[in-house]
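Here is the structure we will look at.
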Amino acid sequence: MATSRLIRQLLLGTLTRPRLLFLLLLVGWRFRRREWYRHWPFLPLPSGKYIEWRMHTAFGDDANPPTAKLAEGYLRWAHKMGKR
């Protein structure tokens, strides 16, 4: 899946930019599935359908996710908007 490649690139980016990990965790927490603690694997992860929908509505095609650089820009924007 192309989305897993994006996630892998973002996680690798955290090795050189630790602040990116902070942004990933903050924004990821907002996208978590409701009652995540009741479903296997008991991690606060978003559902796959939600991720596909977000990719489709944001970029028009859930099969072709954005580049890591574009995703980093979104993470910064989402964090900045969440502070208000």
### Query
Is a donor on one side and an acceptor on the other found under 3.5 Å between the side chain of Arg33 and the backbone of His39?
no
### Query
Should the ring pair Trp77 and Tyr74 be called parallel, tilted or perpendicular, given that the plane angle runs from 0 to 90° and is split at 30 and 60?
tilted
Tell me whether [X] shares a hydrophobic cluster with [Y], the cluster being built from Ile, Leu, Val, Met, Phe, Trp, Tyr side chains joined at under 4.5 Å.
X	Y	result
Leu75	Leu15	no
Trp36	Trp53	no
Leu12	Leu23	no
Leu24	Leu45	no

### Task
Taking the six-membered ring for Trp and the full ring for Phe, Tyr or His, determine whether the centres of Phe31 and Trp29 are under 6.0 Å apart.
no
### Message
Show, in sequence, the C-alpha distance, side-chain angles and deciding distance for Lys80 and Arg76, and conclude whether the side chain to side chain contact (heavy atoms under 4.5 Å, CB included) test is met.
### Response
CA-CA 6 Å; Lys80 185 178 179 181; Arg76 286 188 197 93; over 6 Å; no
### Message
If you count every heavy atom of other residues, nucleotides or ligands that lies below 6.0 Å from Arg34 atom CZ, does the total exceed 12?
### Response
no
### Partners meeting ring pair (Phe, Tyr, Trp, His ring centres under 6.0 Å) with Tyr37 (sequence neighbours left out)
none
Minimal non-hydrogen separation, [X] against [Y], with atom names:
X	Y	value
Arg32	Pro44	CB-O, 3.6 Å
Ile51	Pro46	CD1-CG, 3.7 Å
Leu20	Gly13	CD2-C, 4.0 Å
Val27	His79	CG2-N, 4.4 Å
Pro66	Leu6	O-CD1, 3.5 Å

#### Entry: Gap between atom CZ of Arg5 and atom CD1 of Ile7 - 0.5 Å precision
11.5 Å
